[in-house]
Amino acid sequence: MHNWALLLRVMLRRDRVSLPVWILSVAAFCVVFVPALPQVAGTPDEVAVLAAMMDSPAMVAMCGMLYGDAHTLGIMYTQLMIVWSALLVAVMNILIVVRHTRGDEDEGRLEVVRALPTGAAAHLGAVTVLMVGVDAVLTVLMGVAMPSFGVDSIDWAGSWVYAAALGICGLFFGAVTLVIVQLVHSARGAIGAGLVVLGGLYVLRAYGDVSSETAAWISPLGLIQRTFPFYADRWWPLGILALVCVILIVAAFVLNSMRDMGQGLVPRLGGLRAHAGRTLYGEWGLSWRLVRGTVVAWGVAVFLLSAGYGSVMGEMEGFVQSSPIYQAMMGVGADTVDVVGPVVSMLLLMMAILGAVPVLTTAYKIRAEEGRGRMEGVLAAPVSRVRLYGGYAGLIVLIAVAMQVLAAAGFWMVASAVMTDPVPVRVVVIVAFNFGAAVLFFGGLGLFLTGCAPRLTLVGWAYLIISFLIVYMGGLLDLPRWVARLTPFGLVQRWPSEPFSWWPWIGLVAGGVVLAVVGALGWRRRDVI
Amino acid sequence: MTDSTISLTGIVKNFGRVRALDGVDLQVGPGQIYGLIGPNGAGKSTMIRILLAILRSDAGHATIFGQDVWKQAVDIHRRVSYVPGEVNLWPNLTGGEVIDLFVRLKKSGDSRYREELVSRFDFDPTKKCGTYSKGNRQKVALIAAFSTDADVYILDEPTSGLDPLMEMVFRECVREVAAQGKTVLLSSHILSEVEHLCDRVSIIRQGRIVDSGTLAEMRHLTRNQVLVEATGALDGLAGLDGVHDLALVPGGAEFHLDNDHTASVMAYLAQAGATRLVSTPPTLEELFMSHYQG
């Protein structure tokens, strides 16, 4: 551990911008809706309606469970926000840990550090301290910010439990990542594996919250809700999770001492291929090969998660029949489409946002290849820039369609099996088709940024995250409809709650095409970075 | 200059406020092995990237085979092979896959010759690129470049990371394509490599070509190192034109001599009873240094 403090200082200096941005934006996301809550749930009637909606199996699967004997604002806030906040905190931890471990290793920076008088475990130690520090700062920020809005029932004691739950949950995923980076061979692989673990534990929690208390306890995302902030304020579940973190960190140190730098403990698959296969042909074959892994993994994740959402539709049916308030909200005596249609729409909207992620990474692939210095060799071959770009554009369309098809298929297959009065396949298809326009738009936006503003690719991600926030929170916070229309996912009509309209759909697709064409013009003219 | 295979006239390239190339002129004739030397940061790679349409010049005109390097890039690249100095490969593809990919992108290549090159470079194509050392990544680019059929080879510090044995293989490859009448542009800061391979050389410094020509021409403009032993005194040398860095040693002298003063100095030495005379032309290294320090 020699000189670990010095290494930590180097890390802090390198991330002097990105760390504060990460921490502040994550903290902001986690607390920003606190002051908005009293406005939507000010009167007991409003609370009852909101609680009825949130107690539906679909919402429980998506967000988390509702607990306690009274529907206080604190409890409702926890149900609504704690799981998604935890997901965000987890992603932050995964990315920060990979960046400073496997990322540095891949770039060969760690080798330089090791050659200096630093201990073998010093680097890992510094990363661990960094990770704990980030989560601690985040916890304090949230713990102080939440009660200071003065919202009824969001008190200091509950806020500290809530904030600590998020902090320790983040630490858990950081610790998991510390172990993962010992096993895999690249930063990309480590991020992928970390996200797989995160996604798996999210699905486990969703299943657990709807139908199995044990499953919910096994997932940290379920466990943290069971501290019951603003109700029982239990600390001991966090103690268990902290203990797990310690074990994982110790395991990471042990595994780290067992491996060579630049290697992973899980044997490398593949290799031994002295010749390229048939599909690795031309610039398009290469493009597909480069995005294949990510796209297939996301496809599987989208399908499974969508199937998971579909599985709550059976419970949803029963719930609707037994909840008069919910029936009143949806319109009494309505048929299946009217009652579960909006739920299908809400769940598939989440899936569409998820499906936009591989679309955006594919749109940014040219930029990523440039950054890694690999575009130069390809363009020095007789490869037309426009053809290369066009190949990615084609892939984007295929990926967008595939993601929507997988989401619709996964959802409908399971939903139709568990429902007594199944939702017609037509409804699922139209909903997926409707949101497909927004997914395609993000493809066009990504291509435009790649071609014309390659240094501003973060803008695309920011817009996607903001779209998610507005869409996710908008419905519950009664944001005016026009606010949601500022995002592609809100611009299309929320069919079947709203009548279907072609105009926003065509507008989005046309906008995406125009952006992609302008991007092509930019890409054709600019330097390779 | 339509008869030049590679031609750059007045090429300017700015990166923000930094002027990387400041009016570069360069003509490479067909069949020439052309050396481009200069230290790191002089603009060699920028120049080559402009030739390959990876960067776009801010002013000037560049052609290969008389075609505009930017507008007709794809046509040109069918007949050009390129080896970058920093070879970045996809960590999850094997070396063999990458070689095949590049050959296929080129749509011309000889698979038997590929195998021959793989064995000549003593390269293992079955490993993932992520595990290759710098030298091995360089071999991937070299094998891919030489196993495709090209008329022009653009090599940007192609031997960085190669061991001396492999460097010899590389030189053989260059001589083979030269024997077939192909044109080679070789950028390097390893002067002995350029000296061994190239017919003509340009020296680039701070974004400008400061000297061009055959090695013989360039030497002509500079000084020879002279070592003389004589029976008589050589004190008079100090007063002669064209004599520099004079060092008198017992029974002789060492100095640098401007070529155009050779006759007068020789006359003086003959008078002084010279018994032994050694004259060495400057190495490329000395030429190079004279441009950077002089």
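Here is the naming used below: chain letters follow the sequence lines, and residue numbers restart at 1 for every chain. What you see is a predicted model; the values in this text were computed from it and never measured.
- Here the closest heavy-atom approach between residue A:Val357 and residue A:Trp461 is recorded as O-CH2, 3.8 Å.
- When ring centroids are compared, B:Phe146 and B:Tyr153 come within the 6.0 Å threshold.
- Both the backbone and the side chain of A:Ser384 come within contact range of chain B, judged by heavy atoms closer than 4.5 Å.
- For B:Arg49, the part sitting under 4.5 Å from any heavy atom of chain A is the side chain, from C-beta outward, and nothing else.
- For chain B, the option among A:Glu283, A:Arg385, A:Arg387 with the highest count of heavy-atom pairs below 4.5 Å is A:Arg385.
- Chosen from B:Val87, B:Asp124, B:Leu93, B:Val80, the residue pairing most often with chain A at heavy-atom distances under 4.5 Å is B:Leu93.
- Highest contact tally toward chain A, considering only B:Val83, B:Leu52, B:Ile76, B:Asn88, is held by B:Asn88 [criterion: heavy-atom pairs under 4.5 Å].
- With a 4.5 Å cut-off on non-hydrogen atoms, B:Ala141 does not touch chain A at all.
- With a 4.5 angstrom heavy-atom cutoff, A:Arg374 touches chain B via backbone and side-chain atoms both.
- Looking only at heavy-atom pairs under 4.5 Å with chain B, the residue among A:Val383, A:Ile529, A:Leu286 that has the most is A:Leu286.
- Of all the heavy atoms in B:Asn136 and B:Phe123, the pair that sits closest is O-CE1, 3.5 Å.
- Residue contact with chain A, scored on non-hydrogen atoms closer than 4.5 Å, is absent for B:Gln72.
- For B:Lys71, no part lies under 4.5 angstrom from a heavy atom of chain A.
- Side-chain atoms of A:Gln182 come within 3.5 Å of backbone atoms of A:Leu178 as a donor-acceptor pair (strictly under, hydrogens ignored).
- For an aromatic pair to be called close, the ring centres must be under 6.0 Å apart, and B:Phe102 with B:Tyr82 fails this.
- Considering only heavy atoms from C-beta on, A:Pro382 comes within 4.5 Å of B:Lys106 through its side chain.
- By the 4.5 Å heavy-atom criterion applied to side chains, B:Leu26 and B:Tyr34 are counted as neighbours.
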